Amino acid sequence: MVRLEKVRKSYTEKGRTVEALRPTTLTLEPGAFVAVVGPSGSGKTTLLSILGGMLAPESGRVWLENQSLYDLPLRQRTQIRRQRIGFVFQSFNLIPYLTALENVQTPLYLAGVAPAEQQRRAETLLRRLGLGDRLRHRPAQLSVGQQQRVSLARTLANDPALILADEPTGNLDPDTREHVLHLLESFRREGRTVVMVTHDPAAAARADRVLRLADGDIREAA
Ligand code: ADP
Ligand code: MG
């Protein structure tokens, strides 16, 4: 379970303060597929970064599986981020000189998994995502949709409890977009919590729950 407790974050720049996230209390159940929508500058990335253990709130607590993320020493928080949280980026962030297989192995390597096991798990995931015949290809040799699937396989590598996706369908053609949404839905069926920032109303409609951000305020959309 993921819980935000009175979490607040503002930025001050050149003497001006922006309330990026106003005090927010929120519980996300395991197996929830949550869409976050709202105009540019409304606080979506701030929310995702706080959930992902990457940005400390000014006040309040963030709980992931009964641990208060920002009360932990940095080293332990990094460990949790690597082991329990998966990120999906619009730009995929694949490493260009590594093969699909090696890209998916990277988080396992960082988590200290033995090489043979890294490869076995990465291969299983890529096959599950329909890329069994693309294991040794580099990102540039793959279509955009295939690159996104490699990035989703990498997200799953550590079996994360929480998946954070920032505009995961933004650059995709309709077929690939559908495929990605379908995969996110299947992650939720495995009991993972999926939080997806999106500008796409059709993608948001696939979620169980829609959170609408406006000027750092979160509202539950009906
Ligand atoms: P969104 O992802 O919805 O576009 P953000 O979370 O990126 O919104 O930003 C929310 C608000 O916080 C915006 O007004 C933005 O300009 C401001 N902001 C975000 N990051 C910083 C930063 N590092 N320094 C100063 N202001 C920031
Ligand atoms: Mg953003």
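Keep in mind it's a predicted model, so treat the numbers as computed, not measured. All ligand and atom numbering here is 1-based and tracks the order in the structure. Positions are given from 1 along the sequence.
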Worksheet entry | Heavy-atom closest pair, residues R192 and L156 |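 In terms of heavy atoms, the two residues are closest at NE-CD2, 3.7 Å.
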Practice prompt. Could you tell me whether atom 22 (C) of ligand 1 has at least one protein heavy atom nearer than 4.0 Å?
Written response: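 Answer yes: something from the protein, a heavy atom, is under 4.0 Å.
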Just to confirm my output: which protein heavy-atom neighbour is closest to [atom], and how far is it?
| atom | result |
| --- | --- |
| atom 6 (O) of ligand 1 | T46 OG1, 2.6 Å |
| atom 14 (O) of ligand 1 | V18 CG1, 3.4 Å |
| atom 25 (C) of ligand 1 | Y11 CB, 3.4 Å |
| atom 13 (C) of ligand 1 | G41 O, 3.5 Å |
| atom 8 (O) of ligand 1 | G43 N, 3.1 Å |

Worksheet item: Do other residues, nucleotides or ligands put more than 12 heavy atoms under 6.0 Å from D215 CG?
Response: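 No, not enclosed.
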Item to complete: Output yes when R84 and D159 qualify as a salt bridge under the 4.0 Å nitrogen-oxygen rule, no when they do not.
Response: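 Salt bridge absent between R84 and D159.
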Worksheet entry | Part of T45 with heavy atoms under 4.0 Å of ligand 1, whether side chain, backbone, both or neither |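 Contact part for T45 vs ligand 1: both backbone and side chain.
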Worksheet item: Are the side chains of V34 and L211 in touch, meaning some heavy atoms are under 4.5 Å apart?
Response: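 V34 vs L211: side chains touch.
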Worksheet item: Do any of the N, O or S atoms of T46 sit under 2.8 Å from the Mg ion (ligand 2)?
Response: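 Given the 2.8 Å cut-off, T46 does not count as a ligand of the Mg ion (ligand 2).
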